[in-house]
Structure formats: C-alpha cells, structure tokens
There are 2 protein chains.
Amino acid sequence: MKRPAFFQTPESRKGDIITAALRIIDQRGVKGLTVSQLAQEVGFVESALYRHFKSKRDLISFILDNILQDAWNYLAEVEEKTEDSLEALRQLIYLFLNFLEQFPGIFKIIYSDEIYLGDRELQDKIDRVISEIISFLKKVIQKAITQKKLKSGLDITVAAMHFLGLIYTAFSYWTLKKRRVPLKRISSELLDQYLEGVRA
Amino acid sequence: MKRPAFFQTPESRKGDIITAALRIIDQRGVKGLTVSQLAQEVGFVESALYRHFKSKRDLISFILDNILQDAWNYLAEVEEKTEDSLEALRQLIYLFLNFLEQFPGIFKIIYSDEIYLGDRELQDKIDRVISEIISFLKKVIQKAITQKKLKSGLDITVAAMHFLGLIYTAFSYWTLKKRRVPLKRISSELLDQYLEGVRA
DNA sequence: CTATAATGTGAGTGAATATTCACTTACATA
DNA sequence: TATGTAAGTGAATATTCACTCACATTATAG
C-alpha cells in the first residue's frame, strides 16, 4: 500500500506532527488530542505547533483534506485494476481495513461526534469524504448488478451503506478484541455473509 | 414500547434533568453536554445540578445504569414472547431502532470515545451493556441454528457482531439523511440482506 | 403555623486549554 | 559578512469548565 500523501515527505515537520496527532487520537481519542499532549509527543513546546499550523482546528482540517485526496486515489486505483466487480468489493474492504489498521486515528476523526458536531466546515469535509466513498461503492455495486453478479432488485444505496457498515463493524470488533485478532480474518467472514445476502 | 425506567417517574427532577441531558447530547454531542448548557436547558442555574447529582460523571453513570436495566428487560421480553427465532431477530432490530429513535442521545453515549476513553468505570459499564447485548444475540442466533433456520456453519460471534453493526449502519444512514427517512424502512431492507446471507 | 427537607441562587475558585507574543538559535544563501 | 528563514522557547492571556459554598425560597408534613 502506498503511503498517504502527507507521509510521502516524512522528513517534513508537518508529517511528524500529523503522525503524532493520529497516534494520540488513536490512543486517547479526539478529546485526548490537546496541544499540550501533542507537543509532548512531538517533542517540542506547545507554542511551536503554531509555527506549522494556524490552529488546532487547522491541523484537523489538513488531515481531512489529505484523507479525501488519498481516498480518491486509492479508490480510482482499485476501479482501474479490477475487472470483476465482486472481486473489487473484496479488494475494497481489504483496502479500507489495511488503511485503518495503519491509521486508526483517521477513522476516529471521521466518526467523532466531537469534531462532527463542533465545526460546520469540518463537518462538511467529513460529509464529503463519506459521500465520495458511498457514491463510489454505489458505482461498483451498480456495475456488479449489470454484470449479473448481484441481485437485480437490490436497493443500491442500502447495499452501499451496508457495505460501509461492515467496515465499521469489523473495526468495532477489532477494538473489542483489543486488536488481537487480525482485521482481515474478521472482515473476510463478514464479507462472506454480506455477499451471500446480495449475490444474484 | 414501555418507557425506560428513569422516565417512569417523570415528575421527578432527576427525570427532567436526564431528559434534558439526552436532548443536548443528541443535538450537540457528548462534548456539548456542559453543566452550563444543561442548566440552561433544564431552566435552573449551574449549581442546582449538584442538588440532584454528585457530579456530571455521576449523571452519565446513572443514565448508563438505567440503560443496562432496561436493555435487560426489553431483551427478556422479546425472548419470552417470540417462538420463531428468525422473527425474534426482526423484533430485536425494531426494538433497538425504536429505542434509538426515541432516545438517540443514549446511542451517542455508548458510542462516544470521549466517555469511553475518559473514564475507566464508565468504560466498564458500556462494555457490560454491549456484551450483554451480544451474548443475547448469540443465544438467539444459536437457537435459530438449532432450529435449522440459519446456516449450520455460521460463525456465531461474527453473525452477532454483524447484526449489531446493522443497527449502527441504520442509525448512520438515518443521520446522514437528516432523519427524514423512517428508520424502520431502512432497517427492514438491511435486515433482509443480512438474513439472506445467514439463512439456512 | 411551623419545622424541616427539597430545591434554587449568585458569587466565586482552580484547573485545563488554546492561543499570542517577543525573543532566540541554527542554518542557508546572497 | 550580512541577512533571511524555519523552528523552537518561555511567559502571559483569555476562556471554558466542573464544582463549592453560604444563603434564600418553596413545599410539605405534623
């Protein structure tokens, strides 16, 4: 898997800070990401953060922007490479879960009520990430129906939401099991159950 | 649907406060539940809260305790009344969603990282609610397998998680659609897809 | 009617938090 | 050598937040 865009220049200070921020969010939640904690994790003093980001909000916003960018690249890649649309769905779930396994903090940002309800602009960004993903999923599912791999009567929107829900479910289960079970195993079983339900 | 236990004495001040708290959490998230906001919503001054609850943490804890109690009652009721285990699953999803439609704040508490990661004891309570529900689901699914209504080779734990995930998925979709679509319609379609995948 | 308990008020405290600011240091480049 | 720049420092500031306390009001039971 390619590194997310903001990790492609790992020597940059911004990259360091974001890595630290995501680690903190992963471990202590969005609420745990305080400027003080962040400074401690990065290894500088609180005020130094503002050399790199205008505000804490700006930091989150920056991360979200890059996710959107990356998400798009990843998805395009899968679409391009995979002929079989059923296989594409399998690829997609692995792609998402690999990503989340590496950067669980991103997942927490997206699903965080604290961010979502706290800031209209960030809320819009998150909405855009989600709807980008959903409309992509719908496209894949539509294609699978056309190829007669999935049921013809399927409600495409619900099927897409259901699929996205699997990712959340796998992540929850993974968390519940203290991350001791490999995500791939969980998701594989889930996906089988899902596909059985929607297959033609 | 019966009222949750803590609403059965709606004349009590505690009931008023909890109603207000849940409304705030629903609208502004767990982060939005500040003592100041709560006081404003209830219609008294901040310090008055402490006549009724030892602390804000105590308020949350009280709510969780009552959910646990109620969850148990509801689940027992479904188990008792419903013979057909497949029908029980359908009843369960409606039960959960009705509950969430009425008290979305409760859902947000349970899924809130802020609470979950912030307080060990509350975390334990939430864990208990979740595992209570999951073990109940596993029991129902096991029974359905015995009755040969569900696949014999099914991974019961994954099937239970998947089912619980449907509730989250329905709730997310409902939120995404600004609550303009009835939850029941969404969940019905989801459940069909789910059942197709696990049915014998 | 009065004593008591329940409930509410207003003022205030301390801790946490994000942010600003003036100043420094290391290094690169003209 | 002079100057610009990226990064960091330490102190200060404003705000928010949960919580306390002494005092006031209201309701109710004897």
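In what follows, every chain begins at residue 1, and chains take the letters A, B, ... in the order their sequences are listed. Just so you know, these numbers use all the heavy atoms, side chains as well, and skip hydrogens, waters and symmetry mates.
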Over how many whole Å does the gap from B:Gln40 atom CD to C:dG10 atom P extend? 15 Å
Upstream residue (5' side of DNA chain C) when A:Arg51 and A:Glu46 are each assigned their closest nucleotide: A:Glu46
Verify whether one side chain among A:Gln147 and A:Ser85 offers a donor that lies under 3.5 Å from an acceptor in the other. yes
Side chains of A:Glu41 and A:Gln37: is there a donor and an acceptor less than 3.5 Å apart? no
Here the distance between atom P of C:dA18 and atom CD1 of A:Ile24, to the nearest Å, is 11 Å
Whole-Å distance, B:Leu49 CG to C:dA6 C1', equals 15 Å
Would you say A:His52 reaches D:dA6's phosphate, i.e. side-chain N/O to OP1/OP2 under 4.0 Å? no
In whole angstroms, how far is the P atom of C:dT7 from the CZ atom of B:Phe53? 11 Å
Just call it for B:Leu38: base, sugar-phosphate, or nothing, with non-hydrogen atoms closer than 4.0 Å on any strand. nothing
So, OP1 or OP2 of D:dG8: does either fall under 4.0 Å of a side-chain N or O from A:Arg13? yes
Atom-pair distance (NZ on A:Lys56; P on C:dT17), nearest Å: 9 Å
Using atom NZ of B:Lys14 as one end and atom P of C:dA6 as the other, report the distance to the nearest whole Å. 12 Å
Close side-chain approach of A:Arg28 and B:Asp113, heavy atoms under 4.5 Å: no
Rounded to the nearest 0.5 angstrom, the CD1-OH distance for A:Ile67 and A:Tyr74 is 11.0 Å
Whole-Å gap separating P (C:dG8) and CD (B:Glu41): 15 Å
Mind calculating the distance between CZ (A:Arg57) and C1' (C:dT20) to the nearest angstrom? 19 Å
Ignoring hydrogens and angles, state whether a donor on the side chain of B:Tyr116 or B:Asp127 is under 3.5 Å from an acceptor on the partner side chain. yes
Classify B:Tyr50 by what it touches in the nucleic acid, base, sugar-phosphate, or nothing, heavy-atom distance under 4.0 Å. base
Measure distances between side-chain N and O atoms of B:Ser47 and base N and O atoms of C:dG8, and say whether any donor-acceptor pair falls under 3.5 Å. no
